[in-house]
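Here the structure is laid out as structure tokens; the discussion comes afterwards.
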There are 2 protein chains.
Amino acid sequence: MGAEDDLTQARKTQAQRTQAQRAQAQKTTSANGAPARRGRKPARAVEPDDADEMAEGSDLDLTGLTSVVGYTLRRAQMAVFEDFSARFATLDLTPAQYSVLLVIADNPGRKQSEIARVLGIQRTNFVVMLDQLEKRGLAERTRSATDARSHAVFLTKAGTALLNKARKLQSAQEEDFANLLGPGGRDTLVSLLRKVARID
Amino acid sequence: MGAEDDLTQARKTQAQRTQAQRAQAQKTTSANGAPARRGRKPARAVEPDDADEMAEGSDLDLTGLTSVVGYTLRRAQMAVFEDFSARFATLDLTPAQYSVLLVIADNPGRKQSEIARVLGIQRTNFVVMLDQLEKRGLAERTRSATDARSHAVFLTKAGTALLNKARKLQSAQEEDFANLLGPGGRDTLVSLLRKVARID
DNA sequence: AAATATTGTTATGATCCATATCAATTAAAC
DNA sequence: GTTTAATTGATATGGATCATAACAATATTT
């Protein structure tokens, strides 16, 4: 039960937090004297008996969506990533960054483009990701001795150390999944997801 | 077998297609005479024996990630959404738009904010989504008779008609999932995802 | 009546993702 | 062996999604 709660706690994600910090340091000095057109556009009126309007404060009907794979996938992913971000906030690692560190650790010296490709990240977007990791001293690029075009990517000592801390947090999350989904449930989920994603 | 293939076919998503169209109509007239600094930054060189570099053209090791719930979730979601977008391209409906139409259909006359909330969409972002649906004549806002602040939301005839077409496409996708995941596999997946997402 | 909350709205900024384009280099074609 | 094509990393840019601040109209609470 305690383990299950860890997956719900609606803690703020990293992104939300940094954005909130930025916001308070800004205060939005609108700088425009003219109070631009705000408020609402008129909407067509309707007779109260137009339909079965307002059952009262009751809950909405979601039955049309709750058995749709795509929808439940999306909601699950949002929940899991929020949980992940909260756990990894102290390490300042996003889910994507964690996956990059992990793949580099398991495949030291591979080309940038290879790492990006297996992760489904565009070569071009991966450049910036690696820039950030390198700037933080977690990863490094080295010129390949065999191909002057490519960069071989490695983790630094600091990168390996951080990854090891991250692995522990990640294991805890997997354990919580196992507790939440029952024995075998987690494994079944991963197996089904792999089929859907067509991984390996 | 045929059904499984439908989930893989790497057709372009709606977003990709519209972006490609826009791009070809633009041609990037750089407008700047000075050829801004391009090319690569130098990366530190490395001795070839620095590590177990380049096993050859072999595949990378992904074992560290493929049993992680968060990662498999993300990959599955990307695959499913791509498939969805391809199927719905003829209707010009995104997954998010489909979910909105579905919820409105099952809950006619509810407030904008209620529809948005159950879908996990910010009130503020939902405004634009509804604007688009309304502009296309699929949904409409009407002033609530009981609360002049709120707008009651309905589907139009056209919206209902389009939704019905969409439902058929969606059913086909679910069938393909059932075929891909084996008997009961799809239901198990949805059940596990609901637990993870904490829906109902 | 005044203070507070809700609802829809606009504006804005952040992040993510995809594409076009480029320079350097390597591989392939001729 | 020179020309052509492909690969690799990089920059710039635009689209889509998402979160927040601020605001007007209205409703609710005090």
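Quantities reported herein were computed from a predicted structural model and do not represent experimental measurements. Numbers restart at 1 for each chain; the letters A, B, ... are given by sequence-line order, proteins then strands. The basis for the numbers below is simple: all heavy atoms, side chains too, and nothing from hydrogens, waters or symmetry mates.
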Requested in this report: From the options C:dT10, D:dG9, D:dA27, select the nucleotide whose nearest atom is closest to the side chain of A:R141.
Outcome: D:dG9
Report task. Answer whether the closest heavy-atom distance between the side chains of B:L138 and B:L155 falls below 4.5 Å. Result -> no
Report task. Tell me which of A:S113 and A:R74 sits closer to the 5' end of DNA chain D, going by the nucleotide each one is nearest to. Result -> A:S113
Query raised in the report: Hey, is A:R87 close enough to A:D83 for a salt bridge, meaning N to O under 4.0 Å?
Result: yes
Report task. Give one of base, sugar-phosphate or nothing for B:Q112, where a contact means two heavy atoms less than 4.0 Å apart. Result -> sugar-phosphate
Nucleotides 28-30 of chain D: which of its N/O atoms have a protein N/O under 3.5 Å away?
none

Requested in this report: Between D:dG9, C:dT9, C:dT7, spot the one nearest the side chain of A:S150, thanks.
Outcome: D:dG9
Query raised in the report: To the nearest Å, how far apart are A:F126 CZ and D:dT8 C1'?
Result: 13 Å
Requested in this report: Starting from P on D:dT8, measure out to NZ on A:K111 and report it in whole angstrom.
Outcome: 4 Å
Query - Candidates D:dA19, D:dG9, D:dT26 - which lies nearest the side chain of B:A148 - result: D:dT26
Query raised in the report: Any ion pair linking A:R186 and A:D176 (charged N to carboxylate O, less than 4.0 Å)?
Result: no
Report summary line: Between CD of B:Q122 and C1' of D:dA22 the distance, given in whole Å, is 15 Å
Query raised in the report: Of the nucleotides D:dG9, D:dA19, C:dA18, which has the atom closest to the A:H151 side chain?
Result: D:dG9
Requested in this report: Starting from P on C:dC16, measure out to CE on A:M129 and report it in whole angstrom.
Outcome: 8 Å
Query raised in the report: Could you give the CD-to-C1' distance, from B:Q77 to C:dC17, as a whole number of Å?
Result: 14 Å
Query raised in the report: Would a 4.5 Å heavy-atom cut-off, applied to side chains only, mark A:R167 and A:L102 as touching?
Result: yes
Report task. Could you tell me whether the side chain of A:T124 has a donor or acceptor atom within less than 3.5 Å of a complementary atom in the base of D:dT11? Result -> yes
Requested in this report: Give me the one residue out of B:L193, B:V68, B:V196 that meets side chain to side chain contact (heavy atoms under 4.5 Å, CB included) with A:V80.
Outcome: B:V196
Query raised in the report: To the nearest angstrom, how far is B:I115 atom CD1 from C:dT7 atom C1'?
Result: 14 Å
Report summary line: Sorted by chain and residue number, the salt bridge (Lys or Arg N to Asp or Glu O under 4.0 Å) partners of A:D61 (sequence neighbours excluded) come out as none
Report summary line: note: A:I121, atom CD1; C:dT15, atom C1'; distance rounded to Å ~ 14 Å
Requested in this report: Starting from P on D:dA16, measure out to CD on B:E82 and report it in whole angstrom.
Outcome: 16 Å
Report summary line: Residues passing the ring pair (Phe, Tyr, Trp, His ring centres under 6.0 Å) test with B:Y71, sequence neighbours excluded, are none
Query raised in the report: For DNA chain D, whose closest nucleotide is more 5', that of A:R123 or that of A:M78?
Result: A:R123
